[in-house]
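What follows is a set of notes on a single structure, which appears directly below.
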Amino acid sequence: MADASGAEFGSLLRQLRLEASLTIEALAEASGVSVRGIGDLERGRRATPQRGTVAALADGLGLGEAERERLLAAARSGRNPRHHPAGLRAFPRGIDDFVGRETELAQLTALAGQAAAGSPVVVAVSGPPGTGKTTLVLHAARELADGFPGGQLVVDLRGMEDNPPGPAELILRVLKALGVADRDLAKAGPQRHPELYRQALAERRCLLVLDSARDEAQVRPLLPSAGAAMVVITSRRMLTGLESIHRLPLGELSPADAATFLTALVGRERADADPTALAEVVDRCAHLPLALRVAGNWLATRTGWTVRRLADRLALEERRLDTLTAGDLHLSSAFDLSYRQLTPTAARLFRLLALVDGPDVSAAGAAQLTGQHLFDTEDTLEELVETGLLGTDQDRYRFHDLLRLYARSRLRAEEPDGKAETALSALRRWLLETAVVAGRWYEPDHGAPPATWQGTVDLSTAEHARQWLQAEGDNWLAALRAAATAGAHATVVEVAEALHWFSDQWIFWGHWPEVCRTAAHSAQALGDPRLEAFHLNNHAWALLICESRPRDSLERSAQALAAAQRAGDLPQQGWAHSYTAWALGLLGDHTAAAHHNHEAARLFEAAGDLHGTLHAMSSTAQTLLVAGRYEESIAENIRALAFLEQANDRIERHSADFNRANLQTSIGQAHIFIKNWSEAADHLRTAVNLCRTSGHPGLESRALAHLGDALLAAGHRDEARDAFTQCLTLGSAANPQHVATARERLADLDAR
């Protein structure tokens, strides 16, 4: 830690020497002060000198009385730490190109204001390696310096070293930096240094930065108990054990700030020459400040390289960490420091988490990788979170993109042959088995898990099952793909069949066409025409509803019909006719559509399939609607609602909820076409409420878009705006077509 006033003295000394046209060597000869001593003084590397040294320098410079007194005053100010700041001139390089972090700076500024009120404030800034914690805090310290006239000190706690300094050593360093005389320190003795430390902080309005803390034990004795001091701690750990402090977690930069930062490093001209390549570099550095700095330094020292060349080099995931090295600045080295501090159990879990296919994982999923008990796994995961190597959000655990690559490198280097494959197989098997149990909550004649099922996740309700299936969607989908690739066709068709009825709960997920297509291929490989018909029909549905591809859907439903006929399966023949009718209606062939609807109804009735019969009625009403026969469509929808009520609990509850909302929406839509705005709005409001109660955001987006149209046509602009706005709030679970309609209508309303 250097003295800021010492730096001011050094600056004045250099100015006076240059004005006297003297070199350092000439001044040394004239004053009797060594060349090194003068150099250290001018650079602020030494504390300000004693009066005799200052007098000798003044004589050597030939100063007049006024300039001599000015130099002596600068030296005196450096020896009075109660009134002049100390420490900021020792800041590391790199904070001059600070970018972004407006929210965090505002928080630190507000907390500094609280310290001014007379009570100490402690802030812990934590985050993964490379997020720029020190840079943020040092930048903030410069901005806040004037508010702390008692001094500003920066103490490097060296927390990532094997043997970092302990509290006693750190307390002594701070006391000396604050100007406590050696004789007072000796008189008090080491046992009273903490008391002197607390007194010194209580008497000064100072800012103390404790950089790179190892753990709570290292910093707890350094926290003030009284006064108006502000202490800011940086640490890769969250320092959960510290009490009564403010916490400021730090993540990666925003995309815009990351691009600005990289542009500043490589130069505006090179950045503007290929903005697409610059954006790719930013993304491949995952917006991590340290990675961006390494990339920027790389380009800055290779003027012949284009940004595109680095972007392409970073595109190779297996080489990305090696590429992010510039001189002695290694991104992976920053990760190594944290990894080496893990317990062996946590280090192994860190490596194995690189096997997870999706962006995040639950504690139950992580337990499958290691074979640990769930509670033990949760403790291990929390160790990784505490050390900044893993992020967490609502019981899900996630790697930063570059840390995932680092974990993969550790996995390749350290995990014994075959162990990783065994762990991944266990995770995928668990995902698919759990998906089957969860999906069957929505399947007729199944429902709750059997009493014999012993799972590690809560599937006690259909809603819990839905939450699990959606949270683990990317992971069980990857497991399904792996099973198909491995030729585990029976597993693939079992999973897809169990999820068939659940798909209505999450229509616009985006992956049902793939799930259904994969299952259809597996069913064909098994040579079972009933299974083939079932999964071909599902694929026809997915193409029709999820991707709006009626012609491709027709091809699949024709194949399903042929397979169902070979199997003699009446319900699957009925579903094939029903999907065919739906697609033909959308393509404008209403006569053919009516024929297939009639066939579907006949086959479902013959098979005693109530769910199929209800669907055939709904499909008939939809065909009448697109044919422009609105009154008949309303009548058919009402007939279907009556059938649904008569069937009562013989229709699976989730299917009944979905159909009830769908039928009300169709009635409302028909009323719109015949300009019965009030009736349309009533039915559509009913549909919206049913969707919200049963949790069908995809269907709700349709009802809201049509409700907005009905209200707009009736002249209720504010209510229409509200409906369209609600549609947009449904996010990715909504029907993209209806979201686009809502956005377009809102734009028109704003334009008016």
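- Nearest approach of P224 to A229, heavy atoms of both residues: CG-CB, 4.5 Å.
- Looking at every heavy atom in both residues, V99 comes nearest to L253 through O-CD2, 4.0 Å.
- Note that the OG atom of S338 and the CG atom of L390 stand 12.5 Å from one another [nearest 0.5 Å].
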Step-by-step side-chain contact (heavy atoms from CB on, under 4.5 Å) determination, T387 to L342
CA-CA 8 Å; T387 56; L342 295 174; 3.7 Å; yes

Worked verdict on L331 versus Y406 for side-chain contact (heavy atoms from CB on, under 4.5 Å)
CA-CA 10 Å; L331 179 64; Y406 176 77; over 6 Å; no

Assess whether side-chain contact (heavy atoms from CB on, under 4.5 Å) is satisfied between L105 and F98, documenting all intermediate values.
CA-CA 11 Å; L105 287 172; F98 181 83; 3.6 Å; yes

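- Applying the salt bridge (Lys or Arg N to Asp or Glu O under 4.0 Å) rule to pairs touching residues 337-364 yields R348-E415, R351-E414, R351-E415, D357-R428, D360-R396, D360-R398, sequence neighbours excluded.
- Contacts of R404 classified as salt bridge (charged side-chain N to carboxylate O under 4.0 Å, His left out), with partners at least two apart in sequence or in another chain: none.
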For side chain to side chain donor-acceptor pair (under 3.5 Å), just list the numbers for E383 and T343, CA-CA rounded to whole Å, side-chain angles, deciding distance to a tenth of an Å, and then say yes or no.
CA-CA 9 Å; E383 179 182 344; T343 61; 3.0 Å; yes

Quiz: residues 157-165 side-chain donor-acceptor pairs under 3.5 angstrom, not counting sequence neighbours:
unit_1: R158; atom_1: NE; unit_2: E161; atom_2: OE1; d: 3.0
unit_1: R158; atom_1: NE; unit_2: E161; atom_2: OE2; d: 3.3

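- In this structure, the ring of F350 has its center less than 6.0 angstrom from the ring center of F399.
- There is a side-chain donor-acceptor pair under 3.5 Å between E203 and Q199.
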Candidate pair M230 and L208, rule side-chain contact (heavy atoms from CB on, under 4.5 Å), full reasoning:
CA-CA 6 Å; M230 180 175 182; L208 178 61; over 6 Å; no

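- Side chain to side chain, T240 and E386 meet the donor-acceptor criterion of an N or O pair below 3.5 Å.
- For the residue pair S254/D257, the side-chain donor-acceptor check at 3.5 Å is satisfied.
- Of the N and O atoms on the side chains of E382 and Y397, at least one donor lies less than 3.5 Å from an acceptor on the other residue.
- When all heavy atoms of L403 and G388 are compared, the closest pair comes out as CD1-O, 4.0 Å.
- Side-chain N/O atoms of T109 and E143 include no donor and acceptor closer than 3.5 Å.
- To the nearest 0.5 Å, atoms CG (L153) and CZ (F148) are separated by 12.0 Å.
- Here the CZ-CZ distance, from R410 to R408, works out to 14.5 Å after rounding to the nearest 0.5 Å.
- Considering every non-hydrogen atom in both G358 and N475, the closest pair reads N-OD1, 2.7 Å.
- A distance of 12.0 Å separates NE2 of H400 from CG of L389, quoted to the nearest 0.5 Å.
- Between L353 atom CG and L381 atom CG the span is 6.5 Å, to the nearest 0.5 Å.
- Here L196 contributes atom CG and R192 contributes atom CZ; the two are 5.5 Å apart, rounded to the nearest 0.5 Å.
- The two residues S235 and A213 make their nearest non-hydrogen contact at OG-O, 2.9 Å.
- Contact detail for L111 and V121: the closest heavy-atom pair is O-CG2, 3.7 Å.
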